[in-house]
Amino acid sequence: MDSEVQPLLRGEWEQDHPVTAQRDWLRMGAMKVRTVFKHYFKETCSVKTLKKRLPITKWLPKYSFHDLQSDFIAGITVGMTVIPQGLAYAKIARLPPQYGLYSAFMGCFLYMFFGTAKDITLGPTAIMSLMTESFADSPVEKDPTYAIILCFMSGIIQLVLGILHLGILVNFISYPVINGFTSAAAITIAVGQIKGILGLKNIRREFIPQIEDMISNIKETNLWDMTLGLCSLVLVHNMKKLRTIDWKDRPDDPPISILQQVCRKILWIIGTGANAVIVVTAASIAASLLAYNVDKLSLTGKLKAGIPSFQPPKFSLQNGNTTITADQIFSDMGIGLIIVPILGIIEAIAIGKAFARRNDYKIQPNQELYAIGLANIASSFFSAYPVTGSFSRTAVNSQSGVRTPASGVFTGALVLLALQVLTPLFYYIPTAALSAVIIAAVIQMIDYKVLRILWKYKKIDLIPLLLTFVSSFLIGIEYGILVGVGISLLILLYPMARPKTKVSVGGIAVVSLNQGLQFPAIEHVQNKIVEAIYADKTPKSVVLDCSNISHIDYSTIQGILELIPDFDRNDVKLVMAGLKLSVLGELQNADIPEVLYSPSVEQAIAMLQEDISNMPNGGHSVVVGGSEENIKVHDRDIINGENVTVCADSDTFSPAILTLTDSTHL
């Protein structure tokens with residue numbers, strides 16, 4: 001049957017049998033959908049995909065007893081660090097101390113299966129604790145419902161970002177913004193713990209009112225708390241230096257004795273477990289004082305003993321006679337549902353990349369989204385608040401000689417043991433000691449050296465850093481980062497909207513762009529072209545150097561069309577020079593006959609000097625190409641019309657002359 005008649009007959013048949021035709025179309029659509037899903041599930045359930053989604057399958061078959069020893073030591077060492085940190089960080093989140101430990105074990109277990117960085121250890125961090133306090137502030141005092149829901153939703157969002165391969169979004173948050181936010185958060189956290197060091201009560205939460213209250217209530221300082229707190233702060237700060245002592249051993253020095261090795265190892269253990277040493281010592285002092293009926297120190301108090309029960313997050317909360325629904329909870333969290341998971345991703349991936357470079361291995365950022373997302377989802381079933389990678393504990397893990405993510409099993413096991421056995425002893429931990437641990441942990445997050453670096457190399461990056469830093473104090477830490485991201489994006493987009501242009505005015509004006517031409521810049525470029533036309537009393541033709549333009553959009557084409565009346569009115573021409581073939585095709589499709597095209601600025605100037613607009617029949621010669629490489633030609637994409645002579649092979653050509661006549665144009 002003739003190919004032109006067959007579709008017509010088929011259309012008539014469909015009109016005569018609409019039900020059957022509809023059924024056939026539905027059957028064909030279902031078959032296509034089934035084929036797509038079959039292919040997707042085949043790829044998803046393949047061994048290759050399984051190994052990619054479960055990195056443990058790559059290192060577990062090669063796991064050795066030596067790896068087990070190293071991971072055990074590293075895991076226990078990190079556990080000694082996370083227990084006092086967890087208790088302290090829960091204070092920042094305004095939750096009972098045990099919730100810091102609830103957040104410290106499940107992430108370790110899950111990351112062993114899904115993580116790609118051997119050094120990272122997941123758990124509560126200072127930033128996540130501060131964000132929890134900012135966005136998950138329950139109307140019921142010390143109620144964890146908001147924090148647990150935030151943990152669950154953070155995990156869901158992180159997992160979805162991983163599935164959709166949208167981890168690239170975090171790349172739009174620049175380093176200066178992260179640095180300014182981190183430094184502001186560290187100062188906010190440290191200042192918030194001063195009241196714990198001084199033993200002050202009833203201090204407001206906001207940064208500036210908090211300082212005002214501490215100054216006005218300074219006379220109420222508890223000297224016992226202040227003495228213990230300051231001593232703890234000085235000791236923990238200096239003890240941490242013990243793990244990084246450079247013994248300056250030279251290769252030609254004789255081997256050190258066993259006693260020296262043991263002493264060095266003891267000092268390293270003390271430095272690594274400085275938090276635990278300080279907390280245990282302070283708790284011992286407090287217990288001894290209570291034994292002599294001296295109740296002068298502010299203590300942590302009684303905690304709920306035991307491992308948290310496994311239960312899904314509750315999406316409602318009873319506040320007296322009022323039931324707070326899920327809608328209200330999500331409304332209260334607001335933008336935190338986006339900020340918290342994004343910050344968690346940034347923190348974990350930045351730490352992972354840093355230690356991967358240091359220890360010569362690679363991580364898979366998208367797989368990290370899976371790992372962090374699943375860790376948060378699972379942790380929320382054990383009453384945790386949002387978790388991510390901890391820089392301080394990851395550093396301890398790396399320095400302890402960790403070999404695989406299996407070290408997290410031992411860290412998590414130690415936390416569970418502490419919850420089951422040691423919870424009654426946490427009663428005696430002084431709050432001043434926990435405040436000292438927090439201040440010592442966050443003070444190293446303040447990076448003042450970056451100011452000198454940015455001032456020396458790129459001063460404009462100081463703007464988002466300083467605005468993020470200052471606005472975090474003025475309008476709140478949770479909104480400071482939004483201000484920084486907004487300013488950073490403006491700085492990123494400004495060159496796109498205002499590209500640098502160079503205008504050379506002679507007999508013919510040449511306007512050169514230093515980068516591509518996007519729709520935000522079209523008005524700016526229009527003004528530059530118009531200025532070039534009227535650079536002096538005699539209107540000039542203009543050559544627009546387009547060698548840096550890789551593509552154009554509809555708004556750009558409209559902007560070019562708006563210029564045509566100016567050129568026609570002054571009887572001058574616009575030549576677009578150096579266009580790539582793809583852009584040339586887009587302009588050809590836009591049908592702008594008044595615009596001329598040339599492969600280079602030099603040839604465009606020569607073209608105008610020859611006054612090609614006066615050629616017979618209104619035609620003109622245009623050189624297409626400008627590249628020494630052969631270029632594929634697709635007639636329908638580049639050439640529209642007839643009477644076109646192509647001086648080249650039909651499939652490929654070097655720069656060739658196309659002669660256009662009548663209304664034919666590129």
Would you be so kind as to tabulate the donor-acceptor pairs closer than 3.5 Å made by side chains of residues 87-98, with sequence neighbours excluded?
{"from": "K91", "atom 1": "NZ", "to": "S435", "atom 2": "OG", "distance (Å)": "3.1"}
{"from": "R94", "atom 1": "NE", "to": "E133", "atom 2": "OE2", "distance (Å)": "3.4"}

Which pairs would a plain distance check flag for residues 493-502, meaning a side-chain donor or acceptor within less than 3.5 Å of a matching protein atom at least two apart in sequence or in another chain?
none

Output a table of donor-acceptor pairs, distance under 3.5 Å, between side-chain atoms of residues 332-344 and any protein atom two or more places apart or on a different chain; print 'none' if there are none.
{"from": "D332", "atom 1": "OD1", "to": "Q328", "atom 2": "NE2", "distance (Å)": "2.8"}
{"from": "D332", "atom 1": "OD2", "to": "Y146", "atom 2": "OH", "distance (Å)": "2.6"}

Side-chain donor-acceptor pairs under 3.5 Å in residues 226-237, sequence neighbours left out?
{"from": "T227", "atom 1": "OG1", "to": "L223", "atom 2": "O", "distance (Å)": "2.7"}
{"from": "S232", "atom 1": "OG", "to": "L228", "atom 2": "O", "distance (Å)": "2.7"}

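When all heavy atoms of S379 and M106 are compared, the pair lying nearest together is OG-CB, 3.5 Å. Nearest heavy-atom pair, P386 versus M128, reported as atom, atom and distance to 0.1 Å: O-CB, 3.6 Å. The nearest pair of heavy atoms linking L465 to N179 is CD1-OD1, 3.7 Å. In terms of heavy atoms, C108 sits closest to T411 at SG-CG2, 3.9 Å.
The line from CD1 of I127 to OG1 of T132 is 11.0 Å long, rounded to the nearest 0.5 Å. With rounding to the nearest 0.5 Å, the separation of CG in L434 from CG in N275 is 10.0 Å. Rounded to the nearest 0.5 Å, atoms CD1 (I324) and CG (L317) are 4.5 Å apart.
In this structure, D137 pairs ionically with R205, as a charged nitrogen and a carboxylate oxygen lie closer than 4.0 Å. For the pair K201 and E220, the salt-bridge criterion is not met [side-chain N within less than 4.0 Å of a carboxylate O].
Contacts classified as ring-ring contact (aromatic ring centres under 6.0 Å, His included) and involving residues 311-337 (residues at least two apart or in different chains) are given here: F152-F315. Each ring-ring contact (aromatic ring centres under 6.0 Å, His included) pair with one or both residues in residues 356-376, not counting sequence neighbours, would appear here, but there are none.
In this structure the side chain of P55 reaches within 4.5 angstrom of the side chain of Q367, judged on heavy atoms.
A side-chain donor from one of D143 and T145 sits under 3.5 Å from a side-chain acceptor of the other. With no hydrogens or angles considered, no side-chain donor-acceptor pair links E347 and T388 at under 3.5 Å. A donor-acceptor pair shorter than 3.5 Å cannot be found between the side chains of D447 and S183. In this structure, a donor-acceptor pair under 3.5 Å is present between the side chains of E368 and T116.
Looking at residues two or more places apart in sequence or on another chain, you find no side chain to side chain donor-acceptor pair (under 3.5 Å) involving Y102. Partners of F473 according to the ring-ring contact (aromatic ring centres under 6.0 Å, His included) rule, which considers only residues two or more places apart in sequence or in another chain, are F207, F469. Taking the ring-ring contact (aromatic ring centres under 6.0 Å, His included) definition, one finds that F181 meets it with nothing, sequence neighbours left out. For F355, the ring-ring contact (aromatic ring centres under 6.0 Å, His included) test picks out F391, with sequence neighbours left out. Applying the ring-ring contact (aromatic ring centres under 6.0 Å, His included) test to F113 and every residue at least two apart in sequence or in another chain returns nothing. A search for side chain to side chain donor-acceptor pair (under 3.5 Å) contacts involving E531 returns nothing, not counting sequence neighbours.
Side-chain atoms of D225 never come within 3.5 Å of backbone atoms of L198 as a donor-acceptor pair (strictly under, hydrogens ignored). Looking only at distances, a side-chain donor or acceptor of S471 sits under 3.5 Å from a matching main-chain atom of L467.
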- Item | side-chain contact (heavy atoms from CB on, under 4.5 Å) assessment of S383 paired with I148 | CA-CA 6 Å; S383 304; I148 295 169; 3.9 Å; yes

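Counting non-hydrogen atoms of other residues, nucleotides and ligands closer than 6.0 Å to CD of E523 gives a total of 12 or fewer.
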